[in-house]
> 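Before I ask anything, here is the structure I am working with.
Sequence lines set the chain letters: A, B, ... in the order given, protein chains first and strands last, and positions in each chain run from 1.
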There are 2 protein chains.
Amino acid sequence: MRELKARPVSNGKRAEIKEQRVLAIVKAARDVLIRDGYRGLTMRAVAENCEISVGHVTYHFPRKLDLLEELFERVFDEYLVEFDRIRAKARDDSRVELEETIRFVFSDLGTRETTVFFPEIWALANHEPAAARFVERIYVSERRAFAEIIGRIHPHLSADKIKILALYLSATVEGHTMFVGHRKSLARRRNEAEDLVVASMLDVLDRAAAEA
Amino acid sequence: MRELKARPVSNGKRAEIKEQRVLAIVKAARDVLIRDGYRGLTMRAVAENCEISVGHVTYHFPRKLDLLEELFERVFDEYLVEFDRIRAKARDDSRVELEETIRFVFSDLGTRETTVFFPEIWALANHEPAAARFVERIYVSERRAFAEIIGRIHPHLSADKIKILALYLSATVEGHTMFVGHRKSLARRRNEAEDLVVASMLDVLDRAAAEA
DNA sequence: CAGAAACTAGGACATCTGTCCTAGTTCATG
DNA sequence: CATGAACTAGGACAGATGTCCTAGTTTCTG
């Protein structure tokens, strides 16, 4: 999981200070969520984590949901940057590109932050519309990035077929989080699993192309 | 997700009544967890859901954690029955057996209960050792069931290779939960995804066997 | 059928939670 | 440099939560 960054501001120094403060609060919220789960994500825990008062947190985020949505927005932005980077990087060899993309997602999923953050959000998505929207947006972006690479590998595949293949890849990679993620029981076999996913996916694509 | 069943008791009528009551409480806990998430799983919500008093719930389960562990135990038992059934069912054609097994897991993951319950537990596993143990046990069982079928399809594959293939299958299938689970945005493509997983998995196995 | 063990309800309690409010402080800006 | 908008702290509040306790009731068992 990428580090949260400050957003560009252009309304003077005041706005800049505010952005710093908001960023610190959002970072603290993310840290608490990862450390203690959504259960432990309280306004007080956030306040303590960035050494300000509770009143100060509620000044910037009157509702807890406001803070949560801001957190989602910023995490989404960071992943979007990454997915756009992936999409922009059209290599000579699209197969290598796919391989590198899969390896990137695997290395991300091996971090403590991602291993904890995403299952938390998947669960939250079942009860919190804001979380559901976040999950939807981030995986639409991921699948789009995957789909473009698949399309370059096998240009004659239908858009629809590419979509289902991108879903397969996304589900396969994300599904490894619970098993080979940070400190998970099969974490030591993460690289093997990664290799298997890379090799299998290329085969699955070739098979789909051969059928079409 | 299977329905929770009463456990056999043989200590007389008292024990039987107790089992009925405990079962009702555990069922209520499961229902609340699925309806409102772990966040909403309170002793009071459980009590209301089976129309008894809070004191009555805490009589049977002094700590909330006790109730949670009992819930895990019983859900695990139900899945274990299913996995054992799968293992016992050695068909003529092991490929068909694998296909049916994958289709079983997919149909389970399409239920509302499983779609909500498992992400909740994956998240909880990061912060609650009891949940982590539950997740570990249930997926060890799942992988064992998968591994046995794979071993029958390609008997000359090494036990280690089979393990990583079973992990791949488990991660791939479970990973679909967030995307094609009950009411998820791609739920209408669940069958297509299922077909793709079945076909791909057989190819992946053949490829692994050819390499060895 | 008597007695004890198990059951059940309802409330009490301290703690925690989101939210709100008031009162001071800071500092960019006109 | 004055000034007001933005910032900050701390506390207050009602409601919720896990846990505990006491006092009755039921019903199996000897």
> Take atom CD of A:Gln20 and atom P of C:dT26, then tell me their distance rounded to the nearest Å.
20 Å
> Which residue is it: B:Glu73, B:Glu69, B:Glu142? I am looking for the one with a salt bridge (charged side-chain N to carboxylate O under 4.0 Å, His left out) to B:Arg137.
B:Glu73
> In whole angstrom, what separates A:Phe61's CZ from C:dC20's C1'?
18 Å
> Just how far, in rounded Å, is C1' of D:dC20 from CE of B:Met43?
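Going from B:Met43 (CE) to D:dC20 (C1'), I get 11 Å.
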> Picking from A:Val173, A:Leu167, A:Leu165, what satisfies side chain to side chain contact (heavy atoms under 4.5 Å, CB included) with A:Leu169?
A:Val173
> Take the protein atom CG of A:Leu68 and the nucleotide atom C1' of C:dG18, then report the distance between them rounded to whole Å.
14 Å
> Categorize B:Thr42 for me: base, sugar-phosphate, or nothing, with a 4.0 angstrom heavy-atom threshold over every strand shown.
sugar-phosphate
> With a cut-off of less than 4.0 Å, is there a side-chain N or O of A:His60 near OP1 or OP2 of D:dT8?
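Yes.
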> Of all the choices, C:dG18, D:dC20, C:dA9, which nucleotide is nearest to the side chain of B:His56 once you look at every atom?
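Closest nucleotide to the B:His56 side chain: C:dA9.
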> In terms of side-chain heavy atoms of B:Lys18, which of D:dA9, C:dG18, C:dC7 is nearest?
C:dC7
> Which part of the nucleic acid, if any, lies within reach of A:Arg44 when heavy atoms closer than 4.0 Å are counted: base, sugar-phosphate only, or nothing?
base
> Using whole Å, report how far CG of A:Leu65 lies from C1' of C:dT17.
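After rounding, the gap between these two atoms is 16 Å.
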> Send over the distance from A:Lys64 NZ to C:dC20 C1', rounded to a whole Å.
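Value for this atom pair: 17 Å.
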> Using the ring of each side chain (for Trp, its six-membered ring), is A:Trp122 parallel, tilted or perpendicular to A:Tyr139, with breaks at 30° and 60°?
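The rings of A:Trp122 and A:Tyr139 sit tilted, inter-plane angle from 30° to 60°.
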> Please lay out, stage by stage, how A:Glu120 and B:His127 fare under the test side chain to side chain donor-acceptor pair (under 3.5 Å).
CA-CA 10 Å; A:Glu120 208 70 52; B:His127 309 287; 3.1 Å; yes
> In whole Å, what is the span from the CG atom of B:Asp66 to the C1' atom of D:dG18?
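Computing the B:Asp66:CG to D:dG18:C1' distance gives 12 Å.
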> Give one of base, sugar-phosphate or nothing for A:Leu41, where a contact means two heavy atoms less than 4.0 Å apart.
sugar-phosphate
> Does A:Arg21 have a side-chain nitrogen or oxygen under 4.0 Å from the phosphate oxygens OP1 or OP2 of D:dT8?
yes
> Between C:dT19, C:dA9, D:dC20, which one does the side chain of A:Arg63 approach most closely?
C:dT19
> Among C:dG10, D:dC7, D:dG18, which is the nearest nucleotide to the side chain of A:Tyr59?
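So the nucleotide nearest the side chain must be D:dC7.
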> What integer distance in Å separates A:Glu51:CD from D:dA9:C1'?
15 Å
> I want to confirm an ordering. Mapping A:Thr58 and A:Arg39 to their closest nucleotides on DNA chain D, which one lands closer to the 5' end?
A:Thr58
> Sort out for me which residue in B:Phe72, B:Phe117, B:Phe118, B:Phe104 forms a ring pair (Phe, Tyr, Trp, His ring centres under 6.0 Å) with B:Tyr79.
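One option only clears the test, and that one is B:Phe118.
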